[in-house]
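In what follows, a structure is listed as C-alpha coordinates, so that the remarks can point back to it.
In this text the structure is predicted, and so the values were computed from the model without any measurement.
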Amino acid sequence: MSHIVIIGAGQAGSALAAKLRSSGFEGEVTLLGAEAVPPYQRPPLSKAYLLGDMAQERLYLRPEAYYAENGITLRMGTEVTGIDLAAKQVQIGDEVLSYDQLAFTTGSTPRRLPAAIGGDLEGVFTVRDLLDADAMAPLLVEGKKVLIVGGGYIGLEAAAVTAKKGLSVTLVEMADRILQRVAAPETSDFFRDLHQGHGVDLREGVGLDRLLGEGKVTGARLTDGSEIDVDFVVVGVGIAPGAALAEAAGLTIENGIWTDEMGRTSDPSVWAAGDCASLPYGGAQIRLESVQNAIDQAEAVAVNMLGAETPYHPKPWFWSDQYDVKLQIAGLNTGYDRVVAREDEGARSHWYYGGDRLLAVDAMNAPRAYMVGKRLIESGRSPAIDVIADPDTDLKALLRG
(Lines give C-alpha, C1' and ligand atoms only; values in the text may rest on other atoms or scores of the structure.)
Protein backbone atom coordinates (compact mmCIF):
# COMPACT_ATOMS: atom_id res chain seq x y z
CA MET A 1 0.00 0.00 0.00
CA SER A 2 1.30 3.44 -0.92
CA HIS A 3 2.53 5.56 1.99
CA ILE A 4 2.62 9.37 1.98
CA VAL A 5 4.56 11.05 4.80
CA ILE A 6 4.05 14.74 5.58
CA ILE A 7 6.65 16.54 7.69
CA GLY A 8 5.16 19.54 9.45
CA ALA A 9 1.76 19.58 11.14
CA GLY A 10 0.70 23.18 10.67
CA GLN A 11 -1.86 24.80 8.39
CA ALA A 12 -0.32 23.40 5.20
CA GLY A 13 0.31 19.91 6.57
CA SER A 14 -3.21 19.56 7.90
CA ALA A 15 -4.71 20.85 4.64
CA LEU A 16 -2.58 18.50 2.56
CA ALA A 17 -3.53 15.42 4.59
CA ALA A 18 -7.23 16.30 4.50
CA LYS A 19 -7.15 16.92 0.73
CA LEU A 20 -5.48 13.57 0.09
CA ARG A 21 -8.37 11.82 1.81
CA SER A 22 -11.11 13.94 0.25
CA SER A 23 -9.52 13.30 -3.18
CA GLY A 24 -9.87 9.55 -2.73
CA PHE A 25 -6.37 8.50 -1.66
CA GLU A 26 -6.71 5.19 0.18
CA GLY A 27 -3.09 4.54 1.11
CA GLU A 28 -1.33 5.37 4.37
CA VAL A 29 -0.98 9.00 5.43
CA THR A 30 1.37 9.95 8.26
CA LEU A 31 1.49 13.53 9.52
CA LEU A 32 4.53 14.37 11.66
CA GLY A 33 4.39 17.39 13.95
CA ALA A 34 7.10 18.74 16.23
CA GLU A 35 4.65 20.35 18.65
CA ALA A 36 2.72 18.46 21.32
CA VAL A 37 -0.70 19.67 20.12
CA PRO A 38 -2.80 19.03 16.99
CA PRO A 39 -2.44 21.38 14.00
CA TYR A 40 -3.69 24.87 14.85
CA GLN A 41 -4.13 28.39 13.50
CA ARG A 42 -1.17 30.69 14.06
CA PRO A 43 -2.60 34.15 13.19
CA PRO A 44 -4.78 34.39 16.33
CA LEU A 45 -1.71 33.82 18.54
CA SER A 46 -0.73 37.47 18.17
CA LYS A 47 -4.33 38.68 18.27
CA ALA A 48 -7.39 37.05 19.87
CA TYR A 49 -5.55 34.26 21.70
CA LEU A 50 -2.98 36.58 23.28
CA LEU A 51 -5.79 38.93 24.31
CA GLY A 52 -7.51 36.02 26.06
CA ASP A 53 -10.49 36.14 23.70
CA MET A 54 -9.96 32.66 22.24
CA ALA A 55 -9.57 29.30 24.03
CA GLN A 56 -6.82 26.93 22.93
CA GLU A 57 -9.28 24.36 21.55
CA ARG A 58 -10.68 26.98 19.18
CA LEU A 59 -7.23 27.33 17.66
CA TYR A 60 -7.28 23.73 16.45
CA LEU A 61 -7.86 23.46 12.70
CA ARG A 62 -9.76 20.21 13.18
CA PRO A 63 -10.71 18.21 16.27
CA GLU A 64 -7.96 15.77 17.20
CA ALA A 65 -10.37 12.88 16.59
CA TYR A 66 -10.68 13.91 12.92
CA TYR A 67 -7.29 12.49 12.03
CA ALA A 68 -7.92 8.98 13.36
CA GLU A 69 -11.45 8.98 11.93
CA ASN A 70 -10.01 9.71 8.50
CA GLY A 71 -7.16 7.26 8.66
CA ILE A 72 -4.46 9.89 9.14
CA THR A 73 -1.72 8.89 11.56
CA LEU A 74 -0.98 12.10 13.47
CA ARG A 75 2.25 11.92 15.44
CA MET A 76 2.75 14.91 17.70
CA GLY A 77 5.93 15.86 19.54
CA THR A 78 7.94 14.12 16.82
CA GLU A 79 11.34 15.41 15.68
CA VAL A 80 12.56 14.25 12.29
CA THR A 81 16.33 13.88 12.48
CA GLY A 82 17.19 13.04 8.89
CA ILE A 83 15.99 11.98 5.45
CA ASP A 84 17.51 9.49 3.01
CA LEU A 85 16.15 10.46 -0.41
CA ALA A 86 17.70 7.49 -2.20
CA ALA A 87 16.23 4.95 0.23
CA LYS A 88 12.98 6.97 0.61
CA GLN A 89 13.24 6.92 4.38
CA VAL A 90 12.56 9.42 7.15
CA GLN A 91 14.63 9.07 10.31
CA ILE A 92 13.05 9.82 13.68
CA GLY A 93 15.85 9.16 16.13
CA ASP A 94 16.51 5.42 15.89
CA GLU A 95 13.25 4.79 14.04
CA VAL A 96 13.07 4.60 10.23
CA LEU A 97 9.85 5.42 8.38
CA SER A 98 9.65 4.42 4.71
CA TYR A 99 7.64 6.47 2.22
CA ASP A 100 6.55 6.37 -1.39
CA GLN A 101 6.03 10.12 -1.53
CA LEU A 102 7.12 12.80 0.94
CA ALA A 103 5.86 16.34 1.53
CA PHE A 104 7.55 19.15 3.42
CA THR A 105 5.16 21.53 5.14
CA THR A 106 7.70 22.69 7.71
CA GLY A 107 6.59 26.33 7.76
CA SER A 108 8.97 28.98 8.97
CA THR A 109 10.88 29.99 12.06
CA PRO A 110 11.14 33.46 13.62
CA ARG A 111 14.42 35.31 13.39
CA ARG A 112 15.80 35.86 16.88
CA LEU A 113 18.10 38.49 18.29
CA PRO A 114 21.74 37.42 18.61
CA ALA A 115 22.83 36.29 22.06
CA ALA A 116 25.66 38.85 21.83
CA ILE A 117 23.13 41.68 22.18
CA GLY A 118 20.99 39.98 24.82
CA GLY A 119 18.73 37.87 22.64
CA ASP A 120 18.88 34.90 25.02
CA LEU A 121 17.90 36.86 28.14
CA GLU A 122 14.78 35.78 30.00
CA GLY A 123 11.81 37.88 28.99
CA VAL A 124 12.63 38.08 25.27
CA PHE A 125 9.89 36.57 23.10
CA THR A 126 8.88 35.88 19.54
CA VAL A 127 5.24 35.24 18.64
CA ARG A 128 5.29 32.18 16.43
CA ASP A 129 3.87 29.23 18.31
CA LEU A 130 1.56 28.33 21.16
CA LEU A 131 4.37 28.08 23.69
CA ASP A 132 5.46 31.63 22.83
CA ALA A 133 1.98 33.03 23.38
CA ASP A 134 1.41 31.05 26.58
CA ALA A 135 4.73 32.20 28.03
CA MET A 136 4.00 35.84 27.25
CA ALA A 137 0.36 35.99 28.35
CA PRO A 138 1.01 36.32 32.13
CA LEU A 139 3.11 39.44 31.45
CA LEU A 140 0.26 41.33 29.79
CA VAL A 141 -0.48 43.35 32.89
CA GLU A 142 -1.55 46.97 32.82
CA GLY A 143 1.35 49.34 33.45
CA LYS A 144 4.15 46.96 32.50
CA LYS A 145 6.69 48.22 29.97
CA VAL A 146 7.23 46.33 26.73
CA LEU A 147 9.64 46.94 23.86
CA ILE A 148 8.58 45.74 20.41
CA VAL A 149 11.52 45.27 18.02
CA GLY A 150 10.37 45.46 14.41
CA GLY A 151 7.66 47.42 12.64
CA GLY A 152 6.27 44.73 10.33
CA TYR A 153 2.84 43.21 10.75
CA ILE A 154 3.83 40.87 13.61
CA GLY A 155 5.40 43.73 15.56
CA LEU A 156 2.44 46.03 14.95
CA GLU A 157 -0.05 43.35 15.98
CA ALA A 158 1.93 42.74 19.17
CA ALA A 159 1.94 46.50 19.82
CA ALA A 160 -1.83 46.64 19.34
CA VAL A 161 -2.47 43.77 21.75
CA THR A 162 -0.17 45.09 24.48
CA ALA A 163 -1.48 48.65 24.12
CA LYS A 164 -5.08 47.40 24.38
CA LYS A 165 -4.07 45.62 27.60
CA GLY A 166 -2.87 48.91 29.05
CA LEU A 167 0.87 48.35 28.85
CA SER A 168 3.40 51.07 28.14
CA VAL A 169 4.53 50.22 24.60
CA THR A 170 7.67 51.32 22.75
CA LEU A 171 8.17 50.09 19.19
CA VAL A 172 11.44 50.56 17.30
CA GLU A 173 11.89 50.10 13.56
CA MET A 174 15.38 50.41 12.11
CA ALA A 175 14.10 51.31 8.63
CA ASP A 176 12.90 54.80 7.81
CA ARG A 177 9.29 53.78 8.29
CA ILE A 178 7.16 50.91 9.57
CA LEU A 179 6.00 48.38 6.95
CA GLN A 180 8.69 49.67 4.59
CA ARG A 181 9.33 46.24 3.06
CA VAL A 182 5.69 45.37 2.42
CA ALA A 183 3.60 48.52 1.98
CA ALA A 184 3.50 51.98 0.45
CA PRO A 185 4.23 55.11 2.51
CA GLU A 186 0.51 55.85 2.52
CA THR A 187 -0.23 52.61 4.37
CA SER A 188 2.69 53.21 6.74
CA ASP A 189 1.28 56.67 7.50
CA PHE A 190 -2.14 55.23 8.27
CA PHE A 191 -0.81 52.68 10.76
CA ARG A 192 1.66 55.08 12.31
CA ASP A 193 -1.22 57.45 13.12
CA LEU A 194 -3.31 54.55 14.38
CA HIS A 195 -0.67 53.33 16.84
CA GLN A 196 0.35 56.76 18.04
CA GLY A 197 -3.33 57.48 18.62
CA HIS A 198 -3.39 54.50 20.99
CA GLY A 199 -0.39 55.72 22.95
CA VAL A 200 2.38 53.67 21.36
CA ASP A 201 5.81 55.33 21.45
CA LEU A 202 6.71 54.53 17.86
CA ARG A 203 10.31 55.27 16.82
CA GLU A 204 11.29 54.91 13.18
CA GLY A 205 14.87 55.01 11.94
CA VAL A 206 15.90 53.72 15.36
CA GLY A 207 17.18 50.21 15.97
CA LEU A 208 18.17 48.14 18.95
CA ASP A 209 21.80 48.39 20.01
CA ARG A 210 21.51 45.82 22.79
CA LEU A 211 19.29 44.54 25.56
CA LEU A 212 20.32 45.12 29.17
CA GLY A 213 20.05 42.89 32.21
CA GLU A 214 21.69 40.04 34.09
CA GLY A 215 19.89 36.81 33.21
CA LYS A 216 16.62 38.67 32.69
CA VAL A 217 15.99 41.65 30.45
CA THR A 218 15.50 44.92 32.33
CA GLY A 219 16.21 47.53 29.69
CA ALA A 220 17.39 48.35 26.20
CA ARG A 221 19.94 50.65 24.62
CA LEU A 222 18.82 51.97 21.23
CA THR A 223 20.95 52.99 18.27
CA ASP A 224 20.29 56.69 18.95
CA GLY A 225 22.05 56.26 22.32
CA SER A 226 18.88 56.41 24.43
CA GLU A 227 18.10 53.80 27.07
CA ILE A 228 14.68 52.62 28.22
CA ASP A 229 13.45 50.39 31.04
CA VAL A 230 11.49 47.29 29.96
CA ASP A 231 9.76 44.38 31.65
CA PHE A 232 9.85 42.22 28.53
CA VAL A 233 10.61 42.36 24.80
CA VAL A 234 8.74 41.10 21.75
CA VAL A 235 10.87 40.47 18.66
CA GLY A 236 9.24 40.73 15.24
CA VAL A 237 12.12 40.96 12.78
CA GLY A 238 10.95 38.48 10.18
CA ILE A 239 10.89 34.75 9.60
CA ALA A 240 13.07 32.23 7.78
CA PRO A 241 11.77 29.25 5.79
CA GLY A 242 11.95 25.92 7.58
CA ALA A 243 14.28 24.43 5.00
CA ALA A 244 17.19 23.06 7.07
CA LEU A 245 16.02 19.44 6.97
CA ALA A 246 15.41 19.58 3.23
CA GLU A 247 18.78 21.22 2.61
CA ALA A 248 20.57 18.58 4.69
CA ALA A 249 18.85 15.90 2.62
CA GLY A 250 20.24 17.43 -0.58
CA LEU A 251 17.15 19.11 -2.04
CA THR A 252 17.58 22.31 -4.05
CA ILE A 253 17.16 25.42 -1.90
CA GLU A 254 16.26 28.75 -3.50
CA ASN A 255 14.51 31.23 -1.21
CA GLY A 256 13.21 28.22 0.70
CA ILE A 257 12.65 24.72 -0.65
CA TRP A 258 12.58 25.07 -4.43
CA THR A 259 9.43 23.75 -6.11
CA ASP A 260 8.12 23.81 -9.65
CA GLU A 261 4.63 24.99 -10.55
CA MET A 262 3.22 21.62 -9.44
CA GLY A 263 4.79 21.89 -5.98
CA ARG A 264 7.38 19.20 -6.74
CA THR A 265 10.92 19.65 -5.40
CA SER A 266 14.18 18.70 -7.11
CA ASP A 267 13.43 15.08 -6.10
CA PRO A 268 10.39 13.79 -8.08
CA SER A 269 9.06 11.91 -5.06
CA VAL A 270 9.26 14.90 -2.72
CA TRP A 271 6.94 17.92 -2.57
CA ALA A 272 6.68 21.11 -0.51
CA ALA A 273 4.00 23.67 0.35
CA GLY A 274 3.45 26.67 2.58
CA ASP A 275 5.94 29.07 4.16
CA CYS A 276 8.88 26.69 3.64
CA ALA A 277 8.45 26.46 -0.13
CA SER A 278 9.33 28.81 -2.97
CA LEU A 279 7.36 28.69 -6.18
CA PRO A 280 7.65 30.23 -9.66
CA TYR A 281 5.78 33.54 -9.98
CA GLY A 282 6.47 36.40 -12.35
CA GLY A 283 9.80 34.97 -13.42
CA ALA A 284 11.20 34.48 -9.91
CA GLN A 285 11.05 31.98 -7.06
CA ILE A 286 8.95 33.65 -4.36
CA ARG A 287 7.57 32.59 -1.02
CA LEU A 288 4.10 33.62 0.12
CA GLU A 289 3.90 33.75 3.90
CA SER A 290 0.13 33.53 4.34
CA VAL A 291 -2.66 31.24 5.47
CA GLN A 292 -4.21 31.48 2.00
CA ASN A 293 -1.09 30.14 0.31
CA ALA A 294 -0.49 27.46 2.94
CA ILE A 295 -3.94 26.01 2.30
CA ASP A 296 -4.21 26.53 -1.47
CA GLN A 297 -0.71 25.34 -2.28
CA ALA A 298 -1.01 22.33 0.01
CA GLU A 299 -4.29 21.29 -1.60
CA ALA A 300 -2.75 21.72 -5.05
CA VAL A 301 0.20 19.57 -4.01
CA ALA A 302 -2.14 16.88 -2.66
CA VAL A 303 -3.94 16.40 -5.98
CA ASN A 304 -0.65 16.57 -7.88
CA MET A 305 0.77 13.83 -5.65
CA LEU A 306 -2.14 11.76 -6.92
CA GLY A 307 -1.29 12.49 -10.56
CA ALA A 308 -3.34 15.56 -11.45
CA GLU A 309 -0.36 17.51 -12.90
CA THR A 310 -2.24 20.79 -12.40
CA PRO A 311 -0.08 23.94 -12.08
CA TYR A 312 -0.64 26.05 -8.99
CA HIS A 313 -1.21 29.72 -9.75
CA PRO A 314 -1.52 31.62 -6.46
CA LYS A 315 -4.08 34.35 -5.90
CA PRO A 316 -2.46 36.13 -2.95
CA TRP A 317 -4.41 37.75 -0.16
CA PHE A 318 -3.47 38.63 3.41
CA TRP A 319 -4.95 40.29 6.47
CA SER A 320 -3.99 41.93 9.75
CA ASP A 321 -6.13 42.99 12.74
CA GLN A 322 -4.94 45.98 14.79
CA TYR A 323 -7.24 47.64 17.35
CA ASP A 324 -10.56 48.15 15.54
CA VAL A 325 -8.98 48.15 12.08
CA LYS A 326 -9.08 45.15 9.76
CA LEU A 327 -6.49 45.42 7.02
CA GLN A 328 -7.20 43.22 4.00
CA ILE A 329 -4.67 42.96 1.18
CA ALA A 330 -5.31 41.59 -2.30
CA GLY A 331 -2.50 40.90 -4.77
CA LEU A 332 1.23 41.62 -4.57
CA ASN A 333 2.49 45.20 -4.86
CA THR A 334 5.93 44.29 -6.21
CA GLY A 335 6.94 46.76 -8.92
CA TYR A 336 4.35 49.43 -8.17
CA ASP A 337 5.07 53.01 -9.23
CA ARG A 338 1.88 54.76 -8.17
CA VAL A 339 -0.60 54.53 -5.31
CA VAL A 340 -4.15 55.86 -5.48
CA ALA A 341 -5.90 56.53 -2.15
CA ARG A 342 -9.68 56.34 -1.75
CA GLU A 343 -11.90 57.39 1.13
CA ASP A 344 -15.34 55.77 1.24
CA GLU A 345 -17.50 56.76 4.22
CA GLY A 346 -14.60 56.53 6.65
CA ALA A 347 -13.12 53.42 5.03
CA ARG A 348 -9.76 53.85 3.32
CA SER A 349 -8.06 51.90 0.55
CA HIS A 350 -4.78 52.19 -1.32
CA TRP A 351 -4.62 50.92 -4.92
CA TYR A 352 -1.18 49.97 -6.28
CA TYR A 353 -0.44 50.37 -9.96
CA GLY A 354 2.56 49.39 -12.05
CA GLY A 355 2.10 51.53 -15.14
CA ASP A 356 -1.54 51.03 -16.09
CA ARG A 357 -1.82 47.63 -14.39
CA LEU A 358 -3.57 47.16 -11.05
CA LEU A 359 -1.27 45.08 -8.83
CA ALA A 360 -2.66 45.17 -5.29
CA VAL A 361 -5.05 46.82 -2.87
CA ASP A 362 -4.62 47.62 0.83
CA ALA A 363 -8.10 48.00 2.35
CA MET A 364 -8.48 49.41 5.88
CA ASN A 365 -12.01 48.68 7.16
CA ALA A 366 -13.00 48.76 3.50
CA PRO A 367 -14.39 45.31 2.65
CA ARG A 368 -16.04 46.51 -0.57
CA ALA A 369 -12.75 47.90 -1.90
CA TYR A 370 -11.00 44.67 -0.95
CA MET A 371 -13.61 42.46 -2.60
CA VAL A 372 -13.72 44.52 -5.80
CA GLY A 373 -9.94 44.87 -5.98
CA LYS A 374 -9.39 41.16 -5.42
CA ARG A 375 -11.80 40.17 -8.18
CA LEU A 376 -10.35 42.69 -10.60
CA ILE A 377 -6.78 41.53 -9.95
CA GLU A 378 -7.68 37.85 -10.25
CA SER A 379 -9.49 38.46 -13.56
CA GLY A 380 -6.59 40.52 -14.92
CA ARG A 381 -8.64 43.71 -15.23
CA SER A 382 -7.21 47.15 -14.44
CA PRO A 383 -9.55 50.15 -14.22
CA ALA A 384 -8.05 53.42 -15.34
CA ILE A 385 -6.20 55.22 -12.55
CA ASP A 386 -8.43 58.29 -12.82
CA VAL A 387 -11.51 56.09 -12.39
CA ILE A 388 -10.19 54.70 -9.09
CA ALA A 389 -9.07 58.17 -7.99
CA ASP A 390 -12.57 59.60 -8.58
CA PRO A 391 -14.41 59.52 -5.22
CA ASP A 392 -17.74 59.31 -7.08
CA THR A 393 -16.82 56.02 -8.76
CA ASP A 394 -19.09 53.13 -7.75
CA LEU A 395 -16.55 50.37 -7.16
CA LYS A 396 -19.03 47.53 -7.54
CA ALA A 397 -19.99 48.86 -10.97
CA LEU A 398 -16.41 48.15 -12.09
CA LEU A 399 -17.13 44.44 -11.87
CA ARG A 400 -19.94 44.80 -14.38
CA GLY A 401 -17.88 46.75 -16.86
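Applying the side-chain hydrogen bond (donor to acceptor under 3.5 Å, both in side chains) test to residues at least two apart or on different chains, the pairs with a partner in residues 143-163 are S46-E157, K47-E157, E157-S320.
W317 places none of its side-chain heavy atoms less than 4.5 Å from the side chain of I377. With a 4.5 Å cut-off on side-chain heavy atoms, P43 and F318 do not count as touching. No side-chain heavy atom of V172 sits less than 4.5 Å from a side-chain heavy atom of M174. Proximity of L208 to L147: side-chain heavy atoms (C-beta onward) are separated by under 4.5 Å at one or more points. Looking at heavy atoms from C-beta onward, L399 lies in side-chain contact with L376 at the 4.5 angstrom threshold. Side-chain contact between V361 and K374 is absent, with no heavy-atom pair separated by less than 4.5 Å. A 4.5 Å side-chain heavy-atom check between R342 and T393 finds at least one atom pair inside the cut-off. Side-chain contact between L59 and P44 is present, with heavy atoms from C-beta onward closer than 4.5 Å.
In this structure, E309 places its CD atom where more than 12 heavy-atom neighbours from other residues, nucleotides or ligands lie under 6.0 Å away.
If you run side-chain contact (heavy atoms from CB on, under 4.5 Å) between F232 and each of V146, V124, L121, T218, only V146 comes through. Considering V80, L245, V5, I6 in turn, L245 is the only one that fulfils the side-chain contact (heavy atoms from CB on, under 4.5 Å) rule with F104. Under the side-chain contact (heavy atoms from CB on, under 4.5 Å) test applied with T259, the options R264, E254, Q297 reduce to a single match, Q297.
Side-chain atoms of R128 and S108 include a donor-acceptor pair closer than 3.5 Å.
Using cut-offs of 30° and 60° for the angle between ring planes, the Y323 and H198 rings count as parallel.
Qualifying side-chain contact (heavy atoms from CB on, under 4.5 Å) partners for L61, counting only residues two or more places apart in sequence or in other chains: Q11, S14, P39, Q41. In this structure V339 satisfies the side-chain contact (heavy atoms from CB on, under 4.5 Å) test together with A184, E186, Y336, H350, Y352, sequence neighbours excluded.
Taking a cutoff of 4.0 Å between a charged side-chain nitrogen and a carboxylate oxygen, R192 and E173 do not qualify as a salt bridge.
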